[in-house]
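Computed from a prediction, not measured in an experiment: that's the story for all the values here.
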Amino acid sequence: MKNYYLMTGCTGLLGRYLLRNYLQLDVPLAVLIRSTKLVSARQRLDTIIGDLEQQLGRSLPRPVVLSGDLNAPGLGLSAESRAWLRANARGVIHNAASLSFESAPRTEEPWITNLGGTQQVLEIARENGLLDFHHVSTAYVCGKRTGRVYEHELHVGQEFGNDYEHSKLL
């Protein structure tokens, strides 16, 4: 039965809160985590969950760890992980983002992650028929607009204070 949600960004500040809340609600999760040269994806998750368990004073269920890279084609997932996702996932909680506020060419951050990474997640969702797609973004998509701004008013010709705002809108 397909009942897992693929979650991105669980190693970030907001992602840790989302991870904690979903695990406390027993929502089955598979988390996309990038390994580093020194630490595996599993070790990164175990550290985060250990911290959460210490704060909460209780144990939490362990998500499935999918070692990958948000910015790689196919999220850098192995054939085995892609097959697991196809067989078990029902939706996506896309929370990963680059918080770089510096101006940069579109071949650098924040563009690579906020635009390119989101495109990679959308492609995986399309490939696997994951129509239940939740995208955590930011109010910064409003740019320099003032006054009341509604969710349906995304791109209305506003100016942006930085590339982060523009990348999140796109």
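Listed here is the closest heavy atom pair of Gln158 and Val141: NE2-O, 2.9 Å. Nearest approach of Leu45 to Cys10, heavy atoms of both residues: CD1-SG, 4.4 Å. Closest approach of Ser137 and Lys168 over heavy atoms only: OG-CE, 3.4 Å.
Annotation: side chain of Leu32 is in contact with side chain of Leu77 (closest heavy-atom distance under 4.5 Å). Put simply, the side chain of Gln24 reaches to within 4.5 Å of the side chain of Asn21, judged on heavy atoms. Side-chain contact check for Asp51 versus Thr47: some heavy-atom pair is nearer than 4.5 Å. Side-chain atoms of Leu13 and Tyr17, non-hydrogen and from C-beta on, do get closer than 4.5 Å to each other.
A donor atom on one side chain and an acceptor atom on the other are not found under 3.5 Å apart for Asp163 and Ser100. Remark: the Asn162 side chain and the Tyr140 side chain contain no N/O donor-acceptor pair separated by less than 3.5 Å.
By the 30° and 60° cut-offs, the orientation of the rings of His94 relative to Phe133 is tilted.
Atom CG in Leu52 sits 6.0 Å away from atom CG in Leu19 (nearest 0.5 Å). A distance of 12.0 Å separates OH of Tyr150 from SG of Cys142, quoted to the nearest 0.5 Å. Atom-to-atom distance recorded for Arg44:CZ and Ile49:CD1 is 13.0 Å, nearest 0.5 angstrom. With rounding to the nearest 0.5 Å, the separation of CD in Glu165 from CD in Glu159 is 11.0 Å.
Between the side chain of Thr8 and the main chain of Ala96, a donor-acceptor pair closer than 3.5 Å is present. Of the possible donor and acceptor atoms, one in the side chain of Ser167 sits under 3.5 Å from a partner among the backbone N and O of Tyr164. Listed for the Arg16 side chain is a donor-acceptor partner under 3.5 Å among the backbone atoms of Thr11. Distance alone, capped at 3.5 Å, is enough to place a donor-acceptor pair between the Lys2 side chain and the Arg86 backbone. With Ser40 contributing its side chain and Ser35 its backbone, the two residues share no donor-acceptor pair below 3.5 Å.
Criterion: ILVMFWY side-chain heavy atoms under 4.5 Å apart, direct or through other members. Under it, Val121 and Tyr4 are part of a common hydrophobic cluster. Both Ile48 and Tyr22 are part of a single hydrophobic cluster, where members link through side-chain heavy atoms under 4.5 Å apart. Following chains of ILVMFWY side-chain contacts shorter than 4.5 Å, one cannot reach Leu170 starting from Leu99, and the two form parts of different hydrophobic clusters.
Using a cutoff of 4.0 Å between basic side-chain nitrogens and carboxylate oxygens, Glu123 and Arg82 are not scored as salt-bridged.
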